[in-house]
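Before any comments, here is the structure.
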Amino acid sequence: MSNRSRNARFLTAAFLTALCAHLPSANAQAKPSNLSTILAQMNSASQKFTSAQADLRQELYTKLIHDTETQTGKIYFIRKNSTTQMGMTMLPTDATPSAQPAKIVQFQNGQLQVLTTGTGQIDKFTATGKNQATAETIMTLGFGGSGTDLEKSWTVTDQGPDQITESGKPVKVEKLDLVPKAEAIRNTYSHVTIWVDPIRDVSLKQVSYDASSGDTRTILYTNIRLNQPVDTAPFALKCKSKCTVVNH
């Protein structure tokens, strides 16, 4: 497999697992200068960002059959020396909070690993060269990244202010629509919309739009904890017996 093909597959897989938080105001309009202000606030907040942890709810809508599958899980981000690692656990649909995760995801140093606990298989994807930075932007979208870095990988349109309820409290957010600059991602997802709190530099909601099928992936984040110690043990890639690693 060529490096170009390998990187394209990695980025597509990364975006499918990544991941970020209610309905927008239909007539919200942003001031022409508001985007620069929002990006500057994200730049400032990103300098103080060291970690984030959150609960998540993911809704996968399949347009062809008008069906929505809902999953829940937990996620963390740790930022060190301008790079960010991420871990995520996803529970089976309708599972109790104490159930074993159906999938465990790790992203670090340009490498994505996805463990399917039921089979013990780890799918490993690695980005190289300039695609490593693009992959990190996708995997950590809306959590700790600067506004400057956001504009490097996305064409950003400010769709105005909004308000989202997080853990029972209203939060002022800005609705940003993002079109990926990387062709490999743009061919898979036409655009992504995020509702970001620029003061904390975190997203409370993210919707990605499939470029061909019209399917959508909506992720909502609650119980966000910033700059606290992260216990990464629950996100370790452990199998009941020996893991089977498949490189892509």
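Distance check, rounded to the nearest 0.5 Å: CD of Glu174 to CE of Met42 gives 10.5 Å. Taking CD1 of Ile219 as the start and CD1 of Ile194 as the end, the distance is 12.0 Å to the nearest 0.5 Å. Rounded to the nearest 0.5 Å, atoms OG1 (Thr116) and NZ (Lys103) are 3.0 Å apart. Interatomic distance, CG of Leu60 versus CG of Asp67, reported as 9.5 Å (0.5 Å rounding). Between the CG atom in Asp158 and the CG atom in Leu176 there is a gap of 5.5 Å [rounded to 0.5 Å]. From Lys48, atom NZ reaches atom CG of Asp201 across 11.0 Å, with rounding to the nearest 0.5 Å.
Ring pair Phe235/Tyr76 is perpendicular by interplanar angle, where above 60° counts as perpendicular and below 30° as parallel. Ring pair Tyr221/Phe143 is perpendicular by interplanar angle, where above 60° counts as perpendicular and below 30° as parallel.
Counting heavy atoms from C-beta outward, Pro180 and Trp154 have side chains that approach closer than 4.5 Å. Residues Glu69 and Glu59 have side chains not in contact (no heavy-atom distance under 4.5 Å, counting atoms from C-beta outward). A heavy-atom distance below 4.5 Å is found between the side chains of Gln111 and Lys124. Between Gln53 and Phe77 there is no side-chain heavy-atom pair separated by less than 4.5 Å. Val202 has its side chain within reach of Leu226: a pair of non-hydrogen atoms, C-beta onward, lies under 4.5 Å apart. You'll find the side chain of Gln41 reaches within 4.5 Å of the side chain of Ile199, heavy atoms only. Between Ile104 and Thr117, the closest side-chain pair of non-hydrogen atoms falls below 4.5 Å. Counting heavy atoms from C-beta on, the side chains of Gln206 and Leu141 come closer than 4.5 Å.
In summary, Asp215 and Lys63 do not engage in a salt bridge, as defined by a charged side-chain N under 4.0 Å from a carboxylate O.
Counted by atom type alone, Ser208 and Arg217 present zero donor-acceptor pairs between their side chains at under 3.5 Å. Side-chain contact, Gln106 with Gln108: no donor N or O sits under 3.5 Å from an acceptor N or O. In the model, Asn43 has a side-chain atom that pairs as donor or acceptor with a side-chain atom of Thr148 under 3.5 Å. Between the side chains of Ser167 and Asn223, not a single donor N or O lies within less than 3.5 Å of an accepting N or O. When only modelled atom types and interatomic distance are considered, Ser36 and Asn34 share no side-chain donor-acceptor pair under 3.5 Å.
Between Ser203 and Ile224, the shortest heavy-atom distance links the atoms O-CD1, 4.1 Å. Nearest heavy-atom pair, Asp231 versus Pro234, reported as atom, atom and distance to 0.1 Å: O-CD, 3.3 Å. When every heavy atom of Ser146 is checked against every heavy atom of Ser46, the shortest pair comes out as CB-OG, 3.6 Å. Considering all non-hydrogen atoms of both residues, Lys181 and Arg186 come closest at O-NH1, 2.9 Å. In terms of heavy-atom proximity, Ile164 sits nearest to Trp195 at CD1-CB, 3.4 Å. Listed here is the closest heavy atom pair of Ser190 and Val179: O-CG1, 3.9 Å.
For Thr83 (side chain) and Lys80 (main-chain N/O), a donor-acceptor pair under 3.5 Å exists by modelled atom type. Judged by distance alone, the side chain of Ser51 and the main-chain N or O of Gln228 form a donor-acceptor pair under 3.5 Å.
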Which is it for Arg200 and Glu166 under the salt bridge (charged side-chain N to carboxylate O under 4.0 Å, His left out) test, yes or no, and what are the steps along the way?
CA-CA 13 Å; Arg200 293 184 294 169; Glu166 179 209 343; 2.8 Å; yes
Under the side-chain contact (heavy atoms from CB on, under 4.5 Å) rule, what do Leu237 and Val114 come out as? Steps first, then yes or no, please.
CA-CA 8 Å; Leu237 302 180; Val114 182; over 6 Å; no
Verify side-chain contact (heavy atoms from CB on, under 4.5 Å) between Val105 and Thr89, making sure each step is shown before the conclusion.
CA-CA 6 Å; Val105 180; Thr89 60; over 6 Å; no
I'd like to know whether Lys74 forms a salt bridge (charged side-chain N to carboxylate O under 4.0 Å, His left out) with Asp55, so could you lay out the CA-CA distance, the side-chain angles of the two residues, the decisive distance to 0.1 Å, and finally the verdict.
CA-CA 5 Å; Lys74 297 183 182 297; Asp55 301 330; 2.8 Å; yes
Kindly indicate, with the supporting measurements, whether the criterion side-chain contact (heavy atoms from CB on, under 4.5 Å) is fulfilled by Gln58 and Thr72.
CA-CA 6 Å; Gln58 180 171 255; Thr72 58; over 6 Å; no
Where do Val156 and Leu35 land on the side-chain contact (heavy atoms from CB on, under 4.5 Å) test, with the steps shown first?
CA-CA 8 Å; Val156 184; Leu35 179 58; 3.7 Å; yes
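One hydrophobic cluster holds both Met86 and Leu56 under the rule that ILVMFWY side chains link at heavy-atom gaps under 4.5 Å. Note on Val207 and Ile75: same hydrophobic cluster, where clusters join Ile, Leu, Val, Met, Phe, Trp and Tyr whose side-chain heavy atoms are under 4.5 Å apart, directly or indirectly. No path of Ile, Leu, Val, Met, Phe, Trp and Tyr side chains, each step under 4.5 Å between heavy atoms, connects Phe49 with Val230, placing them in separate hydrophobic clusters. Under a hydrophobic-cluster definition in which Ile, Leu, Val, Met, Phe, Trp and Tyr are linked whenever side-chain heavy atoms come within less than 4.5 Å, directly or via other members, Val245 and Leu115 are assigned to the same cluster.
Counting non-hydrogen atoms of neighbouring residues, nucleotides and ligands closer than 6.0 angstrom, the CG atom of Leu64 reaches no more than 12 such neighbours.
With Thr193 as the fixed residue, the side chain to side chain donor-acceptor pair (under 3.5 Å) test singles out one of Thr157, Thr218, Asp177, Thr216: Asp177.
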